Amino acid sequence: MTECYIRVAEDENEEPMEIPSEEDGTVLLSTVAAQFPGACGLRYRSPVSQCMRGVRLVEGVLHAPESDWGNLVYVVNYPKDNKRKMDEMDAASAVKIKRGVQKTSDLIVLGLPWKTTEQDLKDYFSTFGEVIMVQVKRDAKTGNSKGFGFVRFTDYETQIKVMSQRHMIDGRWCDCKLPNSKYFLEQAGPDEPMRSRKVFVGRCTEDMTADELRQFFMQYGEVTDVFIPKPFRAFAFVTFADDQVAQSLCGEDLIIKGTSVHISNAEPKHNNIHHLFSNFPGRSPSLAAMFERSQYQFPSSHV
DNA sequence: GTTGAGCGTT
């Protein structure tokens with residue numbers, strides 16, 4: 001194999017640039033990096049398998065996949081892309097494993113028509129997945145529905161799906177949420193370290209609305225809450241339905257409306273219980289009091 | 001016999 005030029009591009013569809021090889025036919029990573037700063041390797045689409053394949057890299061030297069480099073277009077690898085992809089793969093595989101053991105919880109169903117029965121609930125929610133419990137709360141004396149109930153699914157992914165949308169049941173829009181009694185458990189079991197579903201979004205600008213943040217972060221997964229402190233404090237909290245999504249974003253710098261925001265773990269910076277509860281918009285303010293009482297009842301609480 | 005934000009008699 002002799003000296004030649006190989007075709008390298010940022011992306012499969014980008015216009016390739018010709019990069020010189022060494023006399024022995026290898027290509028130095030440093031040569032690639034001279035044209036594509038930050039490059040850490042090359043990949044290409046195999047004409048046979050139609051899959052992307054990595055180019056062998058030994059101590060800064062890239063080796064041709066076959067007897068020569070051929071006429072293929074080689075695509076540049078960057079550390080950030082790799083990290084991103086690795087995170088997503090880790091998340092995906094972890095989710096597969098986790099989903100099997102991920103405990104489901106009862107969901108409260110708000111806004112039920114007075115006439116809706118448990119059979120109606122069962123019939124409706126069974127279209128999403130296997131239902132293992134339904135309840136309609138009724139007045140003990142009259143038997144009249146109180147207009148809300150509970151539902152529990154076998155699979156956690158069904159629960160996530162059901163929580164992510166509104167439901168038209170017997171002619172009324174209903175919401176399915178985590179009940180307050182379960183809200184702080186965050187689905188974490190005793191042997192499973194709690195991973196926050198909430199991320200801290202730093203360097204926010206004042207023109208970013210909660211809706212815009214929601215629209216933006218939707219691309220990564222179901223967003224269950226967006227909280228922007230008032231008055232403006234240059235940060236926000238975004239909560240995802242899936243903790244794996246939240247975790248995979250931590251450490252990233254993302255561009256929103258042309259400005260770079262920083263994502264990090266939403267760790268409580270202080271133990272002031274009222275500040276803590278202020279991060280749960282839409283929840284009753286009396287939750288703090290309720291929670292304080294529960295601390296007395298259960299001193300060795302997990303929270 | 002009514003109603004429409006919320007939080008689970010057993």
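In the text below, chain A, chain B and the rest are named by the order of the sequence lines, each starting its count at 1. What you are looking at is a predicted structure, and each value in this text was computed from that prediction instead of being measured.
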Between the base of B:dG6 and the side chain of A:N180, is there a donor and acceptor pair under 3.5 angstrom? no

Nearest whole Å is fine: how far is B:dC7 P from A:L112 CG? 15 Å

Under 6.0 Å from the CD atom of A:E15, do we count more than 12 heavy atoms belonging to anything else shown? no

Atom OH of A:Y5 with >12 non-hydrogen neighbours under 6.0 angstrom: no

Sequence neighbours excluded, the answer for salt bridge (charged side-chain N to carboxylate O under 4.0 Å, His left out) partners of A:R56 is none

Could you identify which residues of residues 114-122 of chain A place a heavy atom less than 4.0 Å from some atom of DNA chain B, listed by residue number, or say none? A:W114

Can you list every pair that meets side-chain hydrogen bond (donor to acceptor under 3.5 Å, both in side chains) and has a residue in residues 126-137 of chain A, with sequence neighbours left out? A:E130-A:T154, A:Q135-A:K137

Could you label the plane-to-plane angle of the A:F235 and A:F237 rings as parallel, tilted or perpendicular, counting under 30° as parallel and over 60° as perpendicular? perpendicular

note: A:R152, atom CZ; B:dC7, atom P; distance rounded to Å ~ 20 Å

Enter the distance from A:L110:CG to A:F148:CZ here, rounded to the nearest 0.5 Å. 8.0 Å

Please tabulate, for side-chain N and O atoms in residues 28-42 of chain A, each donor-acceptor pair with protein atoms closer than 3.5 Å (sequence neighbours left out).
none

Check DNA chain B against residues 129-151 of chain A and give the residues with a non-hydrogen atom under 4.0 Å, in numerical order. A:Q135, A:K137, A:K146, A:G147, A:F148, A:F150

Could you name each residue pair satisfying salt bridge (Lys or Arg N to Asp or Glu O under 4.0 Å) that touches residues 199-216 of chain A, not counting sequence neighbours? A:R203-A:D253, A:D207-A:K257, A:E212-A:K257

